[in-house]
Amino acid sequence: MAKEGESTTRTRDPGCRRPAVGREVRRWRTERSLTLAQVAERSGLNIGYLSQIENDKASPSLDALGAIGAALDVPIAWFLIEGTPPPRVVRAAERPRLPTPLGGDATEVDAGAARDLRIIEVVVPPGGRTGLHAHTADEHHLVLEGRWRLSQGEHVVEMDPGDFLVWDASIPHDVEVIGTDVGRMLVIYPRRAIRR
């Protein structure tokens with residue numbers, strides 16, 4: 001307990017850094033075409049205080065951030081995204097080539113950059129076929145070009161460009177290109193799916 005005349009204010013740990021939200025607050029205010037005065041009126045906060053927040057000279061409380069977020073129609077978490085990692089880009093020329101039983105070409109579109117999905121683009125000549133195979137998890141197919149026949153048990157589906165199919169890939173299935181055109185398809189499944 002503090003004695004008379006002593007401060008009861010807690011000192012901050014010098015290693016603890018408060019998040020700088022000013023740049024994001026300013027960005028969202030500008031994006032919304034609002035002045036500081038308009039945000040002050042909407043939030044109930046002082047213009048000078050808002051200016052200090054935008055210049056990272058003041059660290060707003062959660063209540064103040066909530067008021068600013070409501071005034072800008074932005075979730076307060078968006079003010080904290082200053083340090084997000086950049087998007088991962090995979091150029092077409094950088095895609096790893098994969099072996100394919102279809103007699104065509106397969107590339108890993110995401111090149112392993114996606115943590116949870118594997119996205120494969122297959123380009124297959126007419127008549128190319130996988131043969132029966134299975135692996136764990138759901139498998140998604142999006143036909144980009146050509147005509148395809150996908151079979152699983154008694155289910156046979158013929159698909160054209162733009163058609164989408166998802167199935168339980170643990171049940172043996174077969175995929176083939178039918179018709180006279182080259183087939184192109186995206187196949188998407190969990191990165192940890194095991195082929196059998």
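- Qualifying ring-ring contact (aromatic ring centres under 6.0 Å, His included) partners for His140, counting only residues two or more places apart in sequence or in other chains: Phe164.
- How far CD of Glu139 is from CD of Gln152: 9.0 Å, rounded to the nearest 0.5 Å.
- Leu34 and Leu36 end up in the same hydrophobic cluster when Ile, Leu, Val, Met, Phe, Trp and Tyr side chains are linked at under 4.5 Å.
- Residues Asp174 and Gly131 share a closest heavy-atom pair of OD1-N, 2.9 Å.
- Arg149 contributes no side-chain N or O that, together with a main-chain N or O of Glu176, makes up a donor-acceptor pair within less than 3.5 Å.
- Using a 4.5 Å heavy-atom threshold, the side chains of Phe79 and Ile53 count as separate.
- The closest side-chain donor-acceptor pair between Asp168 and Ser170 falls under 3.5 angstrom.
- Heavy-atom minimum distance, Pro126 versus Val177: CA-CG1, 3.9 Å.
- Under the side chain to side chain contact (heavy atoms under 4.5 Å, CB included) criterion, Arg27 pairs with Glu24, Ile81, sequence neighbours left out.
- Under the 3.5 Å distance criterion, the side-chain polar atoms of Asn46 are matched with a main-chain donor or acceptor of Gly48.
- With sequence neighbours excluded, the residues satisfying side chain to side chain contact (heavy atoms under 4.5 Å, CB included) with Arg147 are Glu158, Asp160, Ile178.
- The shortest non-hydrogen separation linking Ala134 to Ile171 is CB-C, 4.2 Å.
- When all heavy atoms of Val109 and Val90 are compared, the closest pair comes out as O-CG1, 3.5 Å.
- Legend: residues meeting side-chain hydrogen bond (donor to acceptor under 3.5 Å, both in side chains) with Thr35, ordered by chain and number and at least two apart, are Gln38.
- Among residues two or more places apart in sequence or in another chain, the side chain to side chain contact (heavy atoms under 4.5 Å, CB included) test is passed with Arg91 by Val89, Glu94.
- Residues Pro125 and Gly104 come closest through the heavy atom pair CD-CA, 3.8 Å.
- Inter-residue side-chain proximity for His173 and Leu150 is flagged as unmet; no heavy-atom pair is nearer than 4.5 Å.
- Counting only heavy atoms from C-beta outward, the side chains of Leu117 and Asp110 never approach each other to under 4.5 Å.
- Considering only heavy atoms from C-beta on, Asp116 stays 4.5 Å or farther from Arg191 through its side chain.
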Set out, in order, the CA-CA distance, both residues' side-chain angles and the distance that settles side-chain contact (heavy atoms from CB on, under 4.5 Å) for Val74 and Arg32, then state yes or no.
CA-CA 10 Å; Val74 171; Arg32 301 287 194 250; 3.4 Å; yes
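- Proximity of Asp163 to Trp148: side-chain heavy atoms (C-beta onward) are nowhere separated by under 4.5 Å.
- When atom types are taken as modelled, the side chain of Ser43 and the backbone of Ala71 share no donor-acceptor pair closer than 3.5 angstrom.
- Residues satisfying the salt bridge (charged side-chain N to carboxylate O under 4.0 Å, His left out) test with Asp105, not counting sequence neighbours, are Arg97.
- Every residue meeting the ring-ring contact (aromatic ring centres under 6.0 Å, His included) condition with His141, not counting sequence neighbours, appears here in chain and number order: Trp167.
- In this view, Ala40 and Ile47, Leu50 satisfy the side chain to side chain contact (heavy atoms under 4.5 Å, CB included) rule, not counting sequence neighbours.
- Hydrophobic clustering of Ile, Leu, Val, Met, Phe, Trp and Tyr side chains at less than 4.5 Å, counting indirect connections, keeps Met159 apart from Ile188.
- Each of Ile119 and Val187 belongs to its own hydrophobic cluster when Ile, Leu, Val, Met, Phe, Trp and Tyr are linked at side-chain heavy-atom distances under 4.5 angstrom.
- Grouped by direct or indirect side-chain proximity (heavy atoms under 4.5 Å, Ile/Leu/Val/Met/Phe/Trp/Tyr only), Val123 sits with Val182.
- Nearest heavy-atom pair across Leu98 and Thr107 is CD1-C, 4.3 Å.
- Evaluation of the salt bridge (Lys or Arg N to Asp or Glu O under 4.0 Å) test over residues 178-189, restricted to residues two or more places apart or in two chains, returns Glu121-Arg184, Glu145-Arg184.
- The side-chain hydrogen bond (donor to acceptor under 3.5 Å, both in side chains) test applied to Arg118 returns Glu108, Tyr189, not counting sequence neighbours.
- The stretch residues 21-64 participates, sequence neighbours left out, in these ring pair (Phe, Tyr, Trp, His ring centres under 6.0 Å) pairs: Trp28-Trp78.
- Under a hydrophobic clustering in which Ile, Leu, Val, Met, Phe, Trp and Tyr are joined whenever their side-chain heavy atoms come within less than 4.5 Å, directly or via other members, Met185 and Val157 fall into the same cluster.
- Separation of atoms CZ (Arg29) and CZ (Arg42) is listed at 12.0 Å; rounding is to 0.5 Å.
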